[in-house]
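See below for the structure under consideration.
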Amino acid sequence: MSATTITHVAGTALPLPGDDVDTDRIIPARFLVSVTFEGLEKHVFADDRVARKGTASPHPFDEPAFEGASVLLVNRNFGCGSSREHAPQAIRRRGIRAVVGESFSEIFFGNSVAIGLPCVTASHEAVRALQEAVLRDPRLRVVVDLAKRSIRAGTISSPITLPDAVREVFLSGSWDATGLLLDRFDEVEAVAKKLPYVSGF
């Protein structure tokens, strides 16, 4: 295994309109009792989905048309609330590989970077246009290009922003701490052998 670079994410999208979507909505607290993140994807937006089940407007994560989407389209202040890292984990394990929004909670953003989930910002007008385009055509191909700092979908093209340092860790693969360690496994092992609390006293 080696560090994984992320230069772009391409695929269909899932529009999730609404401002101030907090982490308790993304993954309710009762699902945080496990010792691993495995299975969290089954509970993403659990309460919101139940509330809309059987209605004329099911939750987007329950819409067959958006099944398999790799890009999540959100609005302002996404991921606010508590600092639970389970929120981006649940989203990524559901198959989402990039989130495009107007703005993000700082902690949610940082937790997402740590697991290789780019969260990029675009203007209110661009996000709304993308959400509306995907609602009209759920099979529309969306390309989030970190290298070119752009998002494209059909006739829509818009600049995206993310901090230069964060963009660089995705392009270089240095977001992937485990991959970096495995790339230099011999060096890590040599250092470990010198540490008494690893090799024994």
Side-chain angles (χ1 to χ4, degrees), residues 1-9 11 13-41 43-46 48 61 69-124 126-127 130 142 144-151 158-184:
M1 179 179 175
S2 60
T4 305
T5 61
I6 302 174
T7 60
H8 69 281
V9 174
L14 188 158
L16 187 69
D19 296 333
D20 304 314
V21 174
D22 64 48
T23 52
D24 194 50
R25 286 178 62 191
I26 297 170
I27 183 73
R30 64 184 180 279
F31 299 116
L32 311 186
V33 295
S34 62
V35 295
T36 72
F37 297 119
E38 292 181 15
L40 288 182
E41 68 278 3
H43 308 298
V44 66
F45 290 100
D48 287 7
F61 272 93
S70 54
V71 179
L72 182 62
L73 303 172
V74 301
N75 294 108
R76 183 177 58 82
N77 196 29
F78 187 78
C80 57
S82 70
S83 61
R84 63 189 65 163
E85 57 189 315
H86 303 71
Q89 283 280 357
I91 289 170
R92 191 177 192 284
R93 288 169 183 270
R94 184 61 183 251
I96 298 298
R97 293 295 177 262
V99 186
V100 180
E102 297 174 50
S103 62
F104 298 92
S105 157
E106 186 175 348
I107 295 176
F108 177 89
F109 181 89
N111 286 337
S112 297
V113 171
I115 61 170
L117 179 65
C119 293
V120 303
T121 57
S123 70
H124 170 76
V127 171
L130 288 163
V142 177
V144 181
D145 195 325
L146 304 185
K148 295 182 179 179
R149 303 177 194 263
S150 69
I151 183 168
S158 173
I160 56 174
T161 60
L162 74 166
D164 288 341
V166 173
R167 175 174 173 269
E168 180 55 34
V169 302
F170 286 129
L171 297 182
S172 68
S174 57
W175 67 270
D176 184 0
T178 302
L180 292 172
L181 290 172
L182 291 174
D183 276 350
R184 304 177 68 175

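Computed from heavy atoms alone, side chains included, the values below leave out hydrogens, waters and symmetry copies.
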Review point. If only atom types and distance count, is the side chain of Arg94 paired as donor or acceptor with the main-chain N or O of Val44 below 3.5 Å?
Key: no
**Study point:** Distance (rounded to the nearest 0.5 Å) between Ser174 OG and Glu168 CD
**Key:** 6.5 Å
Study note, to complete from the structure: Hits for ring-ring contact (aromatic ring centres under 6.0 Å, His included) against His43, two or more places apart or cross-chain, chain-then-number order -> Phe31
Check your understanding: Who are the side-chain contact (heavy atoms from CB on, under 4.5 Å) partners of Ser83, not counting sequence neighbours?
Key -> Ile107
Exercise for review: Sequence neighbours left out, what pairs pass ring pair (Phe, Tyr, Trp, His ring centres under 6.0 Å) with at least one residue falling in residues 75-100?
Suggested key: Phe37-His86, Phe78-Phe108
Review point. Atom NE2 of His8 and atom CZ of Arg97: how far apart are they, to the nearest 0.5 Å?
Key: 13.5 Å
Exercise for review: Sequence neighbours left out, what pairs pass side-chain hydrogen bond (donor to acceptor under 3.5 Å, both in side chains) with at least one residue falling in residues 158-167?
Suggested key: Thr121-Thr161, Arg149-Asp164
Exercise for review: Mind checking side-chain contact (heavy atoms from CB on, under 4.5 Å) for Ser123 and listing every partner two or more places apart, or none if nothing turns up?
Suggested key: Glu125, Ala126
Review point. So do Val144 and Pro118 actually touch side chain to side chain, heavy atoms under 4.5 Å?
Key: no
**Study point:** Pairs satisfying salt bridge (charged side-chain N to carboxylate O under 4.0 Å, His left out), at least one member in residues 75-88, at least two apart
**Key:** Asp19-Arg76, Asp20-Arg76, Asp24-Arg84
Point to revise | All side chain to side chain donor-acceptor pair (under 3.5 Å) counterparts of Thr23, not counting sequence neighbours | key: Ser82
Review point. How close do Asn111 and Pro88 get, heavy atom to heavy atom, and via which atoms?
Key: CB-CG, 3.7 Å
**Study point:** Close side-chain approach of Trp175 to Val166, heavy-atom, < 4.5 Å
**Key:** no
**Study point:** Pairwise side-chain contact, Ile151 with Leu130, heavy-atom cut-off 4.5 Å (strictly under)
**Key:** yes
Practice item. Look up atom CG in Leu40 and atom CD1 in Ile91, then write down how far apart they are to the nearest 0.5 Å. Key: 11.0 Å
**Study point:** From CG (Leu146) to OG1 (Thr5), nearest 0.5 Å
**Key:** 10.0 Å
Point to revise | Results of ring-ring contact (aromatic ring centres under 6.0 Å, His included) for Phe45 - residues two or more places apart only | key: His59, Phe61
Review point. Residues two or more places apart in sequence or in another chain: which of them pass side-chain contact (heavy atoms from CB on, under 4.5 Å) with Ala13?
Key: Val71, Leu73, Val134, Val142
Point to revise | Residues that Arg25 engages under side chain to side chain donor-acceptor pair (under 3.5 Å), provided they are two or more places apart | key: Asp48
Practice item. Any chance you could measure Asp145, atom CG, to Ile160, atom CD1, to the nearest 0.5 Å? Key: 7.0 Å
Check your understanding: Does Pro17 have any side-chain contact (heavy atoms from CB on, under 4.5 Å) partners at least two apart in sequence or in another chain, and if so, which?
Key -> Asn75, Gln131
**Study point:** Atom of Ala98, atom of Ile96 and distance for their closest heavy-atom approach
**Key:** O-CG2, 3.3 Å
Exercise for review: Could you grab the distance from atom CD1 of Ile115 to atom CZ of Arg93, nearest 0.5 Å is fine?
Suggested key: 8.0 Å
Exercise for review: Report the residues that fulfil salt bridge (Lys or Arg N to Asp or Glu O under 4.0 Å) with Asp22, sequence neighbours left out, ordered by chain and then residue number.
Suggested key: none
